[in-house]
Amino acid sequence: MVIVMKPGSPEEMIQRIERKMVSLGCEVHRSQGENYCILGLVGDTTGVDRSQIEANEYVDKLLSVQHPFKLVSKHFHPQDTVIEVDGLKIGAGHMVVMAGPCSVESEEQLMTIARAVKEAGANMLRGGAFKPRTSPYSFQGMEEEGLKLLKQAKEETGMPIVTEVMGQDTFDLVEEYADVLQIGARNMQNFSLLKRCGKSNRPILLKRGLSATIEELLMSAEYILANGNPNVILCERGIRTFETYTRNTLDLSAVPMIKELSHLPIIIDPSHATGRWSMVEPLSKAAVAVGADGLMIEVHHQPERAFSDGGQSLKPQKFARLMKSIEELVALRNVACK
Ligand code: PEP
Ligand code: MN
C-alpha cells in the first residue's frame with residue numbers, strides 16, 4: 001500500500017502517520033520528492049483501516065500496489081534511482097559503458113584491453129576473476145590474483161571495476177576489490193547470496209537469470225533492497241528461447257517494461273545475449289534507442305586465444321567504432337528527451 005501525501009503537508013503530520021503505521025506493524029519507506037511525499041508500506045497491512053487514512057486532510061490518495069515487489073516499484077519511489085560510482089552516475093538516462101574481457105587472464109592481457117577500452121571512451125572496466133563455467137574442466141578464473149590485476153588496471157586507467165562474486169565464501173574478498181559487485185545470471189535466484197548483497201555497501205549489478213521472468217528479476221532485486229542495499233543496477237543479458245543461431249535471445253522489451261515498473265537503472269549486455277561479436281554493435285545501438293542506462297560489452301585483443309567467450313568479444317578497434325556510433329545516438333536521445 002502507498003500513501004500519497006498532499007503537497008505541502010506538515011512534517012509533523014507525516015511523522016504522525018508514519019508512527020501510526022509502524023504501531024500497526026508495517027514498515028514505512030518514505031520517498032520525498034520536491035513536490036511530493038510518498039509513504040510506502042511494507043509488511044502486513046491487514047490492520048490498516050483505509051477509510052481512517054483517507055479521512056486525513058493531508059492525505060491525497062491511497063494506492064494498493066498489485067505487484068509482489070515493493071521497494072523496487074515505481075509506486076514506492078517515483079524518481080529514477082541514480083547510483084554513483086567514483087563520481088560516475090548510473091541511472092536516469094546517464095549512459096555508462098562497462099567494457100573489458102570476459103575473464104582476467106594475465107597482466108599483459110588485462111592491461112592491454114583496459115588501456116584500449118579507456119582510450120575508446122569506456123567508463124568502467126569489467127573482467128571476471130571468479131568465473132561461473134558450465135564445465136568444471138573449463139578455466140575457472142584467476143581468483144584473487146585476478147582481483148589484484150583489476151585493481152592495478154583501475155590504478156592506471158582510473159576506471160572503476162565491476163566483477164562477479166560467485167558465492168558467500170569469497171564475498172568479503174571480492175567486495176574489497178570491486179567497485180560494483182556482479183551477480184551472474186546463474187545466481188540471480190541464489191537468495192542467501194542476494195541477502196548478503198543487501199548487507200554490502202557496494203552497488204550490485206544483478207543479471208537476469210537464463211529463464212527468469214521480469215517479475216522474478218525484480219523480486220531478486222527486492223531481496224537486495226529489503227536487506228538494506230538500495231543500489232542495484234539491473235542487467236538484461238538475453239534469455240533462453242527456442243532460437244539456436246544466437247546464444248540467447250535479447251529481450252529488448254525488458255528495458256521499457258522495467259522503466260515502467262521500477263526506478264532502478266537497467267543496462268544491456270549484448271555480448272552474452274547473442275554470443276556473436278558481429279551482433280554486438282547493432283544491438284548496442286538498439287539498447288541505446290530503447291532507453292537503456294548502459295551497456296556491458298566484452299572486449300579482447302586476441303579473441304581467438306581468449307580463455308572464455310572469445311566468439312562474442314569485440315576487438316579493440318571494433319569496440320572503438322561501436323563507441324563512436326553509440327555516442328551519436330546517445331546525443332540524439334538526450335535531445336529527444338529534453
Ligand atoms: C559475465 O558477465 O561474465 C557472465 C558470466 O555473464 P552471465 O552471468 O550473464 O552469463
Ligand atoms: Mn563472458
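Bear in mind that the values here come from a model prediction, so they are computed numbers and not experimental data.
For the pair Val290 and Pro256, the tightest heavy-atom approach, listed with the atom from each and the gap, is CG2-CD, 3.9 Å. Closest of all the heavy-atom pairs between Ile239 and Ala212 is CG2-O, 4.2 Å. Shown here for Gly127 and Leu150, the closest heavy-atom pair between the two residues is O-CD1, 3.6 Å. Between Ala185 and Leu210 the shortest heavy-atom distance is CB-CD1, 3.5 Å. Closest approach of Arg50 to Ser64, counting heavy atoms only: NH1-OG, 3.0 Å. Across every non-hydrogen atom of Ser278 and Pro282, the tightest pair is O-CD, 3.5 Å.
A salt bridge does not link Glu119 with Arg115: every distance from a Lys NZ or Arg NE/NH1/NH2 to an Asp or Glu carboxylate oxygen is 4.0 Å or more. The pair Glu12-Arg16 meets the salt-bridge criterion, with a side-chain N (NZ, NE, NH1 or NH2) lying under 4.0 Å from an Asp/Glu carboxylate O. Between Arg30 and Glu18 a salt bridge is recorded (basic side-chain N to carboxylate O distance below 4.0 Å). The pair Lys131-Glu164 does not count as a salt bridge, with every side-chain nitrogen at least 4.0 angstrom from each carboxylate oxygen. Between Arg247 and Glu298 there is no salt bridge, since none of the side-chain N atoms of the basic residue sits less than 4.0 Å from a carboxylate O of the acidic one. We find that Lys207 and Glu236 are not joined by a salt bridge, their nearest charged nitrogen and carboxylate oxygen being 4.0 Å or further apart.
Proximity of Glu327 to Val330: side-chain heavy atoms (C-beta onward) are nowhere separated by under 4.5 Å. Side chains of Val255 and Ile267 form no contact here, defined as non-hydrogen atoms less than 4.5 Å apart. In this structure the side chain of Val162 never reaches within 4.5 angstrom of the side chain of Val85, judged on heavy atoms. Looking only at side-chain heavy atoms (C-beta outward), Phe76 and Val42 come within less than 4.5 Å of each other. Considering only heavy atoms from C-beta on, Arg126 stays 4.5 Å or farther from Val299 through its side chain. By the 4.5 Å heavy-atom criterion applied to side chains, Leu261 and Val72 are not counted as neighbours. Between Phe171 and Ser200, the closest side-chain pair of non-hydrogen atoms falls below 4.5 Å. Side-chain contact between Leu181 and Val174 is present, with at least one heavy-atom pair separated by less than 4.5 Å.
Without hydrogens or angle criteria, Glu145 side chain to Met142 main chain gives no donor-acceptor distance under 3.5 Å. Judged purely by atom type and a 3.5 angstrom limit, Glu107 has no side-chain atom pairing as donor or acceptor with the backbone of Met111. Of the possible polar contacts, none joining the His301 side chain to the Leu110 backbone as a donor-acceptor pair under 3.5 Å is found. Put simply, the side chain of Ser9 never gets that close to the backbone of Met5: no donor and acceptor are under 3.5 Å apart. Put simply, the side chain of Lys6 gets close to the backbone of Glu57: a donor and an acceptor are under 3.5 Å apart.
Enclosure of atom CD in Gln317 is not indicated, since only 12 or fewer non-hydrogen atoms of other residues, nucleotides or ligands lie within 6.0 angstrom. Heavy-atom contacts from other residues, nucleotides or ligands closer than 6.0 Å to NZ of Lys324 number 12 or fewer.
We find the CG-OG distance between Leu314 and Ser271 to be 6.5 Å, quoted to the nearest 0.5 Å. Met1 CE to His75 NE2: the interatomic distance, rounded to the nearest 0.5 Å, is 13.5 Å. Distance CG/Asp60 to CD/Glu54: 10.5 Å, rounded to 0.5 Å. Residue Glu105 holds its CD atom at 9.0 Å from CD of Gln302, rounded to the nearest 0.5 Å. The distance from the CD atom of Glu281 to the CG atom of Leu322 is 5.0 Å, given to the nearest 0.5 Å. Rounded to the nearest 0.5 angstrom, Cys197 SG and Asn187 CG are separated by 9.0 Å.
For residues 179-206, the set of pairs meeting the salt bridge (Lys or Arg N to Asp or Glu O under 4.0 Å) definition, not counting sequence neighbours, comprises Lys154-Asp179, Asp172-Arg196, Glu175-Arg196.
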**Prompt:** salt bridge (Lys or Arg N to Asp or Glu O under 4.0 Å) between Lys74 and Glu260: does it pass, once the steps are laid out?
**Reply:** CA-CA 7 Å; Lys74 213 149 201 175; Glu260 261 180 48; over 6 Å; no

**Message:** Assess the residue pair Leu39 and Ile17 against the criterion (side-chain contact (heavy atoms from CB on, under 4.5 Å)); give the C-alpha distance rounded to whole Å, side-chain angles, the decisive distance to 0.1 Å, and a yes or no.
**Reply:** CA-CA 9 Å; Leu39 305 176; Ile17 296 179; 3.9 Å; yes

**Prompt:** Are Glu27 and His29 close enough, and set up right, to give a side-chain hydrogen bond (donor to acceptor under 3.5 Å, both in side chains), and what steps lead you there?
**Reply:** CA-CA 7 Å; Glu27 212 179 279; His29 293 261; 2.8 Å; yes

**Message:** For Ser73 and His67: C-alpha separation, side-chain torsions, deciding distance, then whether side-chain hydrogen bond (donor to acceptor under 3.5 Å, both in side chains) applies.
**Reply:** CA-CA 8 Å; Ser73 147; His67 307 297; 5.9 Å; no

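Using a 3.5 Å distance cut-off with no hydrogens or angles, the side chains of Gln79 and His77 do not pair a donor with an acceptor. In summary, the side chains of Asp309 and His272 do present a donor paired with an acceptor at a separation below 3.5 Å, with no hydrogens or angles considered. In the model, Thr274 has no side-chain atom that pairs as donor or acceptor with a side-chain atom of Thr246 under 3.5 Å. Counted by atom type alone, Gln15 and Glu11 present one or more donor-acceptor pairs between their side chains at under 3.5 Å.
Applying the salt bridge (charged side-chain N to carboxylate O under 4.0 Å, His left out) test between Asp293 and each of Lys89, Lys259, Arg333 identifies Lys259 as the sole match.
Both tests pass for Lys318 against the ring of Trp277: distance under 6.0 Å to the centre and angle within 45° of the axis.
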